Amino acid sequence: MVNKVAPDYEESELGVGDSTLVRAMCETFGRSEATIKQSLANGEAKDLGEVALLSRVAQKMLMMPPKLTIEKVFADMKALATASGKDSQKAKKERIQKMMVASRGAEAKYIVRMLQAKLRIGIQIPTLLQALAYAFVLTVPSQKGSSGVPDRRRGQGKFSAGDLEARMVSMEGAVKQAFCEQPNFDMVIAALMQGRDGSNLHEACHISLGIPVKPMLAKPSKGLGEVGERLSGKRFTGEWKYDGERAQVHVISRDKIFIYSRNSENMTEKYPDAIEAVKESLSEDVESCIIDAEMVAWDQEKKVILPFQALSTRGRKNIKIEDIKVNVCLFAFDCMLCNGVPLVKETLEARREKLWKMMKPIEGKVTFAVYRNFDDELKEEEVQEFLDESIAGSCEGLMLKTLTENATYEPSKRSLNWLKLKKDYIDGLGDSLDVVPIGAFYGKGRRTGAYGAFLLAVWDPENEEYQTVCKAGTGFSDEDLVTHYKFFESHKLEKPEANYNVTDKMKPDVWLEACQVWEIKAADLSISPVHTSAMGVKADGKGIGLRFPRFLRIRDDKQPEACGMLSCSQSASCLSLAASN
DNA sequence: TCTGGCTGCCC
DNA sequence: ATTCTGC
DNA sequence: GCAGAATGGGCAGCCAGA
């Protein structure tokens, strides 16, 4: 139900995406890619899973292959994950085809969705953990020397309603905490099978070296007003929010260091240089620890932070220190374990004190996130000033965290006690710009029957053409999507206008007349291999794209040809772009 | 051997 | 990543 | 407020086909 064959920290990807699935379906069911697109476009099917089911039902079979079993399907998934090398794509496709042909009832739909890792059944990990918790409250597994209890709502050992409720709440919290600290279903379920409950599950499943903890996440905050609501009356700290990659460093021993990503992927191979730096930076009395940090691209000569896009060009596999072109600096901001002792229940103030003692900064390699503490009387100007400083320092904004009250390390989204404050979250701030929708993509799932995303462009008066800047698929309410769909019913084009400068790679399902202006917001600019605006200005043969674009509103007061990049507002990167235009 | 498409994973 | 929606 | 499900830009790595 969680679409995984192994925990996140163990390598296993299927290497199967929509294209592979569509091709497999075409051959299996004798359909063309065009008719599949058609079923999705006309709302006959809400996703590829439904396409598969419709096709399967229409298929005439002479001989039915044996029924699928959970074991067989699981084995097939594992085989897909393992396949590699010459002709592996063909082998994968054939394996998928076999599964689809053997499917009965609604199975084809769910097999395809499993392969997409998008089950869309309203259940994901948190719900599954809740169900596990409830199941183990209601049913007590039998142990050596004691028989189990099949159902604690009746018979001997029956719980009263109130007792049952309390146990379920307690168990749910314990199971979720256990999974966050040790995100491995096999291990959590094994502990539950031993009869552990809300009171002692934690003794079996807790933060440990070599198993990545679900990192603590932050809630986006809409400006200083909300910060005040959440934090005034509490002592809190602000830290610069570096624009890099989350890094959870596990020092198992001084010679055995692993680094995990925000999503618990093992990134050790990617950062041999950072591992050396950590080793060098550790205090003598530290044997083992888990550190939370941000890995940031760093220019060693100029001693400045480089943008995220520079970091992302680093190789990922089998990296040798000599070959590294993009250097990194690790900015540590928290620690969850030290010398075998978990620290997650301590306050941030205490954890940070320990962190500062655990390692010494090495210029340009390892250091601590810049911070400023605020006392309980919130002074908005001070936070504002610190926010401005962070942006001047090439950061995205601030992380705001209580120091003592409610200041334990809470893995995952369980409690979003941390706040993140970015300029572009604040209404009226950040880069909002006006663009013209020139293409649209059919929506999937809940967006079937409308467009799910749009291709957006700006007008370049010099070349007299529309140049793309991004797609947008978020920021729309359901109502917006219906409005847009209806509006463009009478503004569709057979083919793109001659003055649409769009890369071949960008193929909308429907081309639109450049007849409406939208205000959108973005966090940043990036050098784009697919978008055509400001081509060559920042890099040869490359345009400029927008990072994290979202729809704000229709602008009825503006003409499409008034949408140039120059309308883009304050930020430094925008200004440099405007100047070079 | 080169190129482009696909996939997974960062944000 | 951001955003919206149902509960 | 949580959980789920829509959707974004862009990179390296892998594989197939030219």
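By convention in this document, chain letters (A, B, ...) are assigned in the order of the sequence lines, proteins followed by strands, and residues within each chain are numbered from 1. Values in this document were obtained by computation on a predicted structure and should not be read as measured data.
If you check every strand for non-hydrogen atoms under 4.0 Å, A:P220 touches nothing. Across all strands shown, A:L481 has no heavy atoms under 4.0 Å from either base or sugar-phosphate atoms. Contacts of A:K176 with the nucleic acid, taken as non-hydrogen atoms under 4.0 Å apart, involve only primed sugar atoms and P, OP1 or OP2. Within the 4.0 angstrom heavy-atom criterion, no nucleotide atom of any strand lies near A:K521. Heavy atoms of A:K270 sit nowhere under 4.0 angstrom from any nucleic acid atom. Residue contacts for A:Y425: at a heavy-atom cut-off of 4.0 Å it reaches the sugar-phosphate backbone alone, with no base atom in range. Nucleic acid contact class of A:F551 (heavy atoms, under 4.0 Å, all strands): none. Contact annotation for A:L546: backbone-only contact, meaning every heavy-atom pair under 4.0 Å involves sugar-phosphate atoms and none involves a base.
OP1 or OP2 of B:dC10 lies within a sub-4.0 Å distance of a side-chain N or O belonging to A:S261. Contact annotation: A:K317 does not reach the phosphate of D:dG13 (side-chain N/O to OP1 or OP2, under 4.0 Å). The side chain of A:Q124 places an N or O atom within less than 4.0 Å of a non-bridging phosphate oxygen (OP1 or OP2) of D:dA5. Checking the phosphate oxygens (OP1, OP2) of D:dG10, a side-chain nitrogen or oxygen of A:S526 falls inside 4.0 Å. In this model, the phosphate group of C:dT3 is approached by a side-chain N or O of A:R550 to a distance below 4.0 Å at OP1 or OP2. Distances shorter than 4.0 Å separate none of the side-chain N or O atoms of A:S312 from OP1 or OP2 on B:dC11. Between A:Q309 and B:dC11 there is no side-chain N or O to OP1 or OP2 distance below 4.0 Å. Here A:R446 does not reach the OP1 or OP2 of C:dC4: none of its side-chain N or O atoms lies under 4.0 Å away. Within the 4.0 Å cut-off from OP1 or OP2 of C:dT3, not a single side-chain nitrogen or oxygen of A:S477 is found. Between A:K92 and B:dT7 there is no side-chain N or O to OP1 or OP2 distance below 4.0 Å. Checking the phosphate oxygens (OP1, OP2) of C:dT2, a side-chain nitrogen or oxygen of A:K422 falls inside 4.0 Å.
Rounded to a whole Å, the CG atom of A:D424 is 8 Å from the P atom of C:dT3. Rounded to an integer number of Å, the gap from A:Q116 CD to D:dA5 P is 13 Å. Computed from coordinates, the A:K241 NZ to B:dC11 P distance equals 9 Å when rounded to whole Å. The separation between A:R113 atom CZ and D:dG4 atom P is 15 Å, rounded to whole Å.
Of the two residues near DNA chain B, A:L14 and A:K505, the one whose nearest nucleotide lies more 5' is A:K505. The residue among A:A247 and A:Q89 whose nearest nucleotide of DNA chain B lies closer to the 5′ end is A:Q89.
Judged by distance alone with a 3.5 Å cut-off, a donor-acceptor contact links the side chain of A:R316 to the base of D:dC11. In terms of polar N and O atoms assigned as donor or acceptor, the side chain of A:T474 comes within less than 3.5 Å of the base of C:dT2 in a complementary pairing.
Between A:E226 and A:K219 a salt bridge is recorded (basic side-chain N to carboxylate O distance below 4.0 Å). Using a 4.0 Å cut-off between a side-chain N of Lys or Arg and a carboxylate O of Asp or Glu, A:K37 and A:D509 qualify as a salt bridge. The pair A:D292-A:R246 meets the salt-bridge criterion, since a charged nitrogen lies less than 4.0 angstrom from a carboxylate oxygen.
The closest side-chain donor-acceptor pair between A:Q116 and A:D18 falls under 3.5 angstrom.
Minimum interatomic distance between A:N263 and A:D8 (heavy atoms only, all atoms of both residues): O-CB, 3.7 Å.
For A:K471 and A:F441, the positive end sits near the middle of the six-membered ring, less than 6.0 Å away and at most 45° from its axis.
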